[in-house]
> 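Below is a structure I'd like to ask you about.
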Amino acid sequence: MADYRDMWKSLEMDVEKHDELCEILPKFYGDIYLSQENRPEGMNYFNFVVSEVHGLRIKELLEHKEKNEKVIGTFCVFVPDEVINATGAVSVGLCGGSEFWEPAGEKVLPRNTCPLVKASVGAKISGTCPYFQSCDLIVGETTCDGKKKAWEILNEYIPVHVMDLPQMKREKDNLHWQDEIKLFIERLENLTGNKVTVENLAKSIKLINKKRKVLKRLYDARKANKLPISGKDALLISQIAFYDNPERFIEKTGELCDELDNRIEKGISVFKEDTPRILVTGTPMAIPNWKLHHIIESSGGAVVCEETCTGSRYFENLVKEDGKTLEEQMKALADRYLNINCACFTPNPGRIEDIIKYYKEYKADGVVYFTLPFCQTYATEFKKVKDALDKEGIPVIMIETGYSLQDAGQLKTRLEAFFEML
Ligand code: BJ8
């Protein structure tokens with residue numbers, strides 16, 4: 001990687017501490033990703049993106065900022081990227097997926113907070129995440145209690161706009177979410193000095209839909225009997241979707257999908273025949289959290305789909321493109337976004353329907369229900385999901401695990417036993 005130290009210093013980062021992270025990541029990535037055999041050629045682009053994760057992409061963000069285009073950080077798939085894009089700002093997903101950031105988070109948050117929240121806050125207050133440092137505004141949302149209260153603390157370090165997400169899906173909740181989108185537009189208009197118009201919003205809706213379509217195409221390739229790509233690679237692509245330039249991401253993922261189609265035609269697979277096909281469902285896996293996928297795929301399983309926010313919840317369902325007024329467009333946005341089935345909603349039957357649907361569509365043999373420690377919403381929802389899966393005769397195992405690799409051996413043993421019985 002080129003020398004970006006001056007750039008990091010200009011972002012007021014703790015460059016020495018950041019060096020520690022830079023030392024861990026390449027080896028970690030090499031062991032998990034580059035060791036895979038028979039990867040599609042198209043993964044080279046994503047290898048490159050990871051190798052430049054704190055370099056070239058940050059340089060691009062700073063170039064945007066030089067043109068007075070703002071950078072907006074987000075933490076949840078409910079925050080509409082379309083609105084950010086329409087104001088000429090750039091959106092980056094900021095969820096922290098590494099234990100490296102947890103100790104810093106624990107300085108201001110209770111230890112028994114979910115690692116995603118601790119790492120996200122820790123990334124900011126330790127000054128070791130150039131994405132955070134590049135942001136002009138971050139957008140929080142009222143989903144789980146851990147996140148909701150963390151915004152108040154983060155706001156001491158960086159301006160935070162909080163979107164009040166309803167937790168039910170009635171008509172009045174839809175109207176409320178439309179209203180929140182309107183307030184978000186106003187906040188961004190004030191920040192950027194650019195107006196959201198029917199035209200620029202329509203263009204952004206089309207662009208983000210295109211990104212969803214290419215991700216859907218990638219996931220469709222995983223429905224093939226012979227899997228042309230590993231679950232680990234597909235997860236990585238989903239994670240990169242949150243911060244890469246959208247046009248380039250669409251193009252490169254499209255090229256990869258062409259290659260995957262070709263592999264499917266020729267029957268080329270990255271797994272041995274009869275490898276158990278696993279649907280992963282649960283909490284999001286923020287980059288570089290590749291732990292569970294790596295353990296599954298090195299214990300004799302293959303991940304065929306993620307019913308998570310770094311998976312299907314990010315790209316399923318498009319925003320209607322035919323809105324003629326801003327009101328119609330906001331309604332179309334609210335309709336699409338409130339179709340996401342996060343466990344912070346009550347009740348949340350749509351998620352169970354999705355899991356069963358994907359289990360069938362992706363021809364899975366079993367379900368791994370993943371939850372980060374201290375995530376009450378997903379942990380509690382397990383009962384409902386398990387009851388429904390039991391009724392359908394779908395095998396499921398619950399795995400609660402954080403970012404540390406300490407329990408890797410134990411998880412491997414449990415997963416191997418689960419795959420054995422599929
Ligand atoms: S739409 S899943 S991105 S809220 S894992 S921080 S819920 S304690 S991330 Fe999420 Fe939006 Fe829902 Fe998706 Fe809290 Fe649970 Fe931690 Fe979580």
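One-based numbering, in listed order, for ligands and for the atoms of each.
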> With sequence neighbours excluded, tell me which residues meet side-chain hydrogen bond (donor to acceptor under 3.5 Å, both in side chains) with Asn194.
none
> Considering heavy atoms of the protein only, find what lies nearest to atom 11 (Fe) of ligand 1 and give residue, atom and distance to 0.1 Å.
Cys76 SG, 2.3 Å
> Heavy atoms, side chains only, cut-off 4.5 Å: are Asp261 and Arg217 in contact?
yes
> May I ask you to check if Lys223 and Tyr362 form a cation-pi contact, with NZ or CZ under 6.0 angstrom from the six-membered ring centre and within 45° of the axis?
yes
> Not counting sequence neighbours, list each pair that qualifies as a ring-ring contact (aromatic ring centres under 6.0 Å, His included) and has a residue in residues 375-410.
Tyr369-Phe382
> May I ask you to list the atoms of ligand 1 that are less than 4.0 angstrom from any heavy atom of Phe78?
1 (S)
> So, for Phe249 and Tyr243, is the gap between ring centers shorter than 6.0 Å?
no
> Go through ligand 1 atom by atom and flag the ones less than 4.0 Å from a non-hydrogen atom of Thr143.
4 (S)
> Starting from atom 9 (S) of ligand 1, find the nearest protein heavy-atom neighbour and note its residue, name and distance.
Pro284 CG, 3.5 Å
> Distances under 2.8 Å only: what protein N/O/S atoms are near atom 16 (Fe) of ligand 1, ordered by chain and residue?
Cys114 SG
> Confirm or rule out an N/O/S atom of Cys342, from backbone or side chain, lying less than 2.8 Å from atom 12 (Fe) of ligand 1.
yes
> Any pair with a residue in residues 303-330 that passes ring-ring contact (aromatic ring centres under 6.0 Å, His included), sequence neighbours left out, goes on the list, sorted by first then second residue, please.
Tyr219-Phe315, Phe242-Tyr314
> Indicate, with yes or no, if the rings of Tyr4 and His54 have centres closer together than 6.0 Å.
no
> Nearest to atom 13 (Fe) of ligand 1, what protein heavy atom do you find, and at what distance?
Cys309 SG, 2.2 Å
> Within 45° of the axis and under 6.0 Å from the centre of the six-membered ring of Phe46, does NZ or CZ of Lys252 qualify?
no
> Taking side chain as C-beta onward, heavy atoms only, is Pro373 less than 4.5 Å from Cys114?
no
